[in-house]
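One structure is given here, and the rest of the page talks about it.
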Amino acid sequence: MLKTFNMKKSFNLFLLAASLFIASCGPKIYKSADFDAAFARHRIVAILPAEVTSRLRPNEAKKVTEEQIEEQNEKTGYDIQDKMYSWFLRRSEKYHYTVTFQDISRTNALLKKAGVGYRDMDSKDKTEIARILGVDAVIQNRSTMDKPMSEGAAVALGLLVGVWGNTNNVQTTINIHDGKTGNLLWKYDYQASGSVGSSTTRLVDALMRNASKKFPYSAK
């Protein structure tokens, strides 16, 4: 009887902790007035490195330099780009995309050749970036990651529910800009809390699973 009670108590604790980790807010979608006309002429689309921002607790911020934070954000930005490209490749047969996604190795090589670094992309006009890449549109993810938990608390919860990482709030967006006009055509906002932020794989999977049903380049 005691054993059954303990098992039930442990299971309830698991469900409580898990619910804290997987909660997410409903997505918000913006679609421009010239959406249909622009998308009809898109054939090749480039995926840019993600723009990543990390917001640390004051105590955590003291342990790292600004340069280290920027270096980590850049690494995460390229990792998200890679994971998004891989997602589209793996699911091309399922969703029958109406466009071709430019190989990210070519995207990054062309940007480097043109002298456009990671920190330059946000200030560059999207028409200029599209011209450099020779594409009809560009996709860019923007993610803001909050880290309100201490490392100790993250490890304790990780032991309890089997997940790791101390990012428990991620605000992430997919933006699609028209290469000809530079206008924002489509924007998908998604907010998730919990272990989804513990790795770029979890983040991209959560984002794209939710966005895929509304993704404009999907013919299915």
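Note that these values count all heavy atoms, side chains included, but never hydrogens, waters or copies made by symmetry.
Under the 4.5 Å side-chain heavy-atom criterion for ILVMFWY residues, no single connected hydrophobic cluster contains both Leu184 and Met121. By the rule that hydrophobic residues join a cluster once side-chain heavy atoms approach within less than 4.5 Å of another member, Trp87 and Leu89 end up as members of one cluster. In the hydrophobic cluster analysis, where Ile, Leu, Val, Met, Phe, Trp and Tyr join through side-chain heavy atoms closer than 4.5 angstrom, Ile29 is grouped together with Val45.
In terms of the side-chain hydrogen bond (donor to acceptor under 3.5 Å, both in side chains) criterion, residue partners of Tyr217 (sequence neighbours excluded) are, by chain and number, His42. With sequence neighbours excluded, no residue forms a salt bridge (charged side-chain N to carboxylate O under 4.0 Å, His left out) with Lys112. By the salt bridge (charged side-chain N to carboxylate O under 4.0 Å, His left out) test, Asp122 is found to be paired with Arg142, residues two or more places apart in sequence or in another chain being considered. Remark: Arg41 engages Asp178 in a salt bridge (charged side-chain N to carboxylate O under 4.0 Å, His left out) (not counting sequence neighbours). Applying the salt bridge (charged side-chain N to carboxylate O under 4.0 Å, His left out) criterion to Lys83, with sequence neighbours excluded, gives Asp79.
Closest of all the heavy-atom pairs between Ile47 and Phe88 is CD1-CD1, 3.5 Å. Heavy-atom minimum distance, Glu51 versus Tyr118: CA-OH, 3.7 Å. Scanning all heavy atoms of the two residues, the minimum distance from Ser143 to Ile80 falls at OG-CD1, 4.1 Å. In plain terms, the two heavy atoms of Lys214 and Trp186 that are nearest each other are O-CZ2, 3.5 Å.
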Walk me through it: do Gln102 and Thr107 pass the test side chain to side chain donor-acceptor pair (under 3.5 Å)? CA-CA 7 Å; Gln102 186 177 75; Thr107 298; 2.6 Å; yes

Between Phe39 and Thr98, does the side-chain contact (heavy atoms from CB on, under 4.5 Å) criterion hold? Intermediate values first, please. CA-CA 9 Å; Phe39 273 86; Thr98 59; over 6 Å; no

Does the pair Ile104 and Met84 meet the rule for a side-chain contact (heavy atoms from CB on, under 4.5 Å), with working shown? CA-CA 10 Å; Ile104 60 170; Met84 287 186 68; over 6 Å; no

Can Tyr97 and Arg91 be said to form a side-chain contact (heavy atoms from CB on, under 4.5 Å), step by step? CA-CA 9 Å; Tyr97 296 119; Arg91 290 160 180 81; 4.2 Å; yes

Evaluate Asn183 against Ser32 for side chain to side chain donor-acceptor pair (under 3.5 Å), listing each step before the verdict. CA-CA 9 Å; Asn183 294 337; Ser32 72; over 6 Å; no

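For the atom pair CG of Leu111 and NZ of Lys124, the computed distance is 10.0 Å after rounding to the nearest 0.5 Å. Separation of atoms NZ (Lys113) and CZ (Arg106) is listed at 9.0 Å; rounding is to 0.5 Å. Taking CD of Gln191 as the start and NZ of Lys28 as the end, the distance is 8.5 Å to the nearest 0.5 Å. In this structure, OH in Tyr190 is found 9.5 Å from OG1 in Thr172, a value given to the nearest 0.5 Å. Rounded to the nearest 0.5 angstrom, Thr181 OG1 and Asp34 CG are separated by 6.0 Å.
Here the side chain of His96 pairs no donor or acceptor atom with the backbone of Ala219 at under 3.5 angstrom.
No side-chain N or O of Ser212 forms a donor-acceptor pair with one of Asn210 less than 3.5 Å apart. Thr53 and Asn73 share no side-chain donor-acceptor pair at under 3.5 Å.
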Let me check something: any side-chain donor-acceptor pairs from residues 129-140 under 3.5 Å, sequence neighbours excluded? List them with distances.
{"from": "Asp136", "atom 1": "OD2", "to": "Arg43", "atom 2": "N", "distance (Å)": "2.7"}
{"from": "Asp136", "atom 1": "OD2", "to": "Ile44", "atom 2": "N", "distance (Å)": "2.9"}
{"from": "Gln140", "atom 1": "NE2", "to": "Pro49", "atom 2": "O", "distance (Å)": "3.1"}

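Side-chain contact between Tyr188 and Asn175 is absent, with no heavy atoms from C-beta onward closer than 4.5 Å. Proximity of Ile174 to Leu207: side-chain heavy atoms (C-beta onward) are separated by under 4.5 Å at one or more points. Glu70 has its side chain within reach of Arg119: a pair of non-hydrogen atoms, C-beta onward, lies under 4.5 Å apart. Within the 4.5 Å cutoff, the side chain of Glu74 has no heavy atoms near those of the Thr76 side chain. Contact annotation: the side chain of Thr127 never approaches that of Lys180 to less than 4.5 Å [non-hydrogen atoms, C-beta and beyond].
Within a 6.0 Å radius of CD in Glu128, other residues, nucleotides and ligands contribute more than 12 heavy atoms. Heavy atoms of other residues, nucleotides or ligands lying less than 6.0 angstrom from CD of Gln68 number more than 12.
Residues Tyr95 and Phe215 keep their aromatic ring centres 6.0 Å or farther apart.
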